[in-house]
Amino acid sequence: MDFGFIRPLTVVVGHYGAGKTNFAVNLALALKAREPGRAVRIADFDMVNPYFRTADAADMLRRGGVEPLLPAFANTNVDTPSLPPRLASLIGEEDGYTIVDVGGDDGSVALGMYRERMKEAGYAMLCVVNRYRPLIEDPAAALDCMRQIEEAAGLCCTAIVNDSNLGAETTAEDVLAGISYGKACASLVALPLLCHCYFPDLAPDTPALLAAHGMEDEPLFAMKSATKKLF
Amino acid sequence: MSNKVLMKGNEAIAEAAISAGCLYFFGYPITPQTEVAEYMARRLPKVGGLCLQAESEVAAINMLMGASAAGTRAMTSSSSPGISLKSEGISYIAGCDLPCLVVNVQRGGPGLGGIQPSQQDYYQATRGVGHGDLRLIVLAPSSVQEMASLTAEAFDLADTYRMPAMLLADGALGQMMEPVDFSVFPKRELPEKTWATNGHGGARKKNIVNSLFIDPNELENSIRARYERYAKVEENEVRYEEYMTEDAEIILVAFGITARIAKSAITEARAKGVKAGLLRPITLWPFPKKRLGELADRAKAFLSVEMSMGQMVDDVRLAVNGKKPVSFFGRTGGIIPSVEEVAAEIMKLAESL
């Protein structure tokens with residue numbers, strides 16, 4: 001995957017449940033591993049999901065040298081959206097990377113408050129798509145969803161991330177069947193396709209299967225699950 | 001490629017209901033079940049249905065009564081405090097012999113409690129939802145796939161026995177994501193709704209849907225007739241899953257998300273040489289008491305694991321009927337028990353035998 005698409009301020013958006021949090025956490029860890037000398041932070045900007053969110057991966061992030069910026073009430077009974085206060089001061093910060101995990105359409109609206117400063121400072125906005133999610137299961141629907149988010153935030157996406165997955169049951173065949181969807185999404189919105197995500201722990205044979213289908217040049221991004229395990 | 005889609009439990013309920021022919025949804029938002037209503041609001045208008053956000057839970061349950069009386073497939077959904085508000089309407093629906101689906105994606109109580117998952121509404125669902133002699137068919141899904149399949153089944157059961165059914169889930173099941181296959185649901189032959197108040201056009205006697213009886217003898221007779229149907233439900237519709245019970249000395253009883261945790265704990269206990277197994281009730285009413293009674297003849301002890309201070313454990317004790325010791329382990333107030341603490345509880349019990 002081409003890390004040239006990542007900017008000091010990189011925002012991760014997409015339809016809820018597409019796999020944004022998993023991707024954002026893994027992107028932050030990958031950046032830290034590539035450039036250990038630079039600070040990498042991840043901000044939990046999820047206004048929607050009361051249960052499964054970046055805050056769950058805090059230990060995994062800290063072990064990987066990434067600083068999580070969490071809202072004060074993540075995973076408590078406070079049923080009111082709140083945002084990590086330090087984020088505002090990190091817009092325009094050129095030292096290291098700040099990855100912002102934006103949950104759902106409501107999160108995009110909130111993100112809009114930083115619109116002017118972000119446009120001035122520069123940003124990357126990655127839209128995560130997943131062919132196995134109802135309501136974005138075809139590229140036209142995914143495009144609709146992306147436009148709604150862009151409109152709400154007043155900001156434009158800069159690349160597509162194909163995270164077509166079926167959670168813990170994802171196989172290499174499922175990833176393979178998602179490749180054409182990811183490419184179609186990117187081509188429909190005329191944006192570069194940053195990567196296709198896969199989980200080596202679940203489907204280690206994914207690169208080999210893609211190569212067997214002549215897709216060895218597709219940009220793959222290996223991820224570890226950051227989802228809270230209950231059982 | 002897989003036929004499956006990746007869904008939140010709450011979305012799976014909504015999609016399964018639409019697939020099962022439910023065209024009317026009446027609700028009021030509450031965490032952690034709001035995605036049911038959101039999904040319905042997006043999808044129902046596209047298939048000719050109606051998703052209505054009522055002014056309150058009380059209004060929503062009475063709208064559901066009307067839709068059901070008219071013979072349509074209809075549902076409501078809420079979380080614990082919202083179900084308390086709906087309980088009067090549920091009693092009226094039961095008293096009118098109307099079928100419908102009520103979904104409870106439980107959160108911590110009592111009172112406003114919290115938004116994290118719980119199983120504290122077991123008593124309410126199986127004993128005390130609404131006044132009067134009444135029962136609900138209560139189904140307890142344990143996966144996102146079952147959130148879908150048991151939603152479809154609940155509608156069919158409700159129609160078959162002309163009574164309300166409840167899907168008793170919890171916030172974890174509502175919020176977590178798993179693959180779902182919608183192509184695998186069995187369909188039942190359903191009785192025609194000859195009782196529906198859907199216009200007689202002068203062609204038949206008018207139907208009346210009512211729960212008020214002026215003559216107490218008539219009321220008693222109607223309740224007795226209803227209890228004959230309840231007896232058929234108890235005879236025909238008990239559902240449960242057994243996991244490693246063949247040689248089990250300790251049998252855990254757990255439903256919903258807690259059963260998933262219990263299975264992992266059983267694997268840990270077995271790795272340490274303790275023969276543990278699980279009985280997972282899928283129907284909480286009717287409760288699998290006969291099967292538990294049989295298992296009590298050969299197991300040495302029972303352990304009820306719940307996200308409450310101990311509610312289902314009463315039904316386990318009634319079923320085991322003193323044949324073997326029954327103990328309890330639970331976390332409450334929105335805390336999900338960990339695999340490790342349940343495994344430790346099994347080990348403690350094994351040492352005491």
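A, B, ... follow the sequence lines: proteins, then strands. Residue 1 opens every chain.
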Where on B:A172 is there a heavy atom nearer than 4.5 Å to chain A: the side chain, the backbone, both, or neither? both

Which portion of B:I336 sits near chain A, non-hydrogen atoms under 4.5 angstrom: side chain

Heavy-atom distances under 4.5 Å only: say whether B:E11 touches chain A with side chain, backbone, both or neither. side chain

Surrounding CE of B:M309 (heavy atoms of other residues, nucleotides or ligands, distance under 6.0 Å), is the total greater than 12? no

B:G114, B:G174, B:P179: which one forms the most heavy-atom pairs within less than 4.5 Å of chain A? B:P179

Proximity breakdown for A:L176 and chain B, heavy-atom pairs closer than 4.5 Å: neither

Take a 6.0 Å sphere around CD of B:E340 and say whether it holds more than 12 heavy atoms from other residues, nucleotides or ligands. yes

Rounded to the nearest 0.5 Å, the CG atom of A:D174 sits from the NZ atom of B:K4 at a distance of 9.0 Å

Name the member of A:P134, A:A18, A:G167 that forms the most heavy-atom pairs with chain B at distances under 4.5 Å. A:P134

On a heavy-atom basis, the closest approach of A:N130 and B:L6 is ND2-CD2, 3.7 Å

In terms of heavy-atom proximity below 4.5 Å to chain A, should B:M177 be classed as side chain, backbone, both, or neither? side chain

Please rank A:E137, A:K229, A:E169 by heavy-atom pairs under 4.5 Å with chain B and give me the top one. A:E169

Euclidean distance, A:Y16 OH relative to B:E35 CD, rounded to 0.5 Å: 5.0 Å

If I compare all heavy atoms of A:F231 with all of B:V339, which pair ends up nearest, and what's the gap? CA-CG2, 3.8 Å

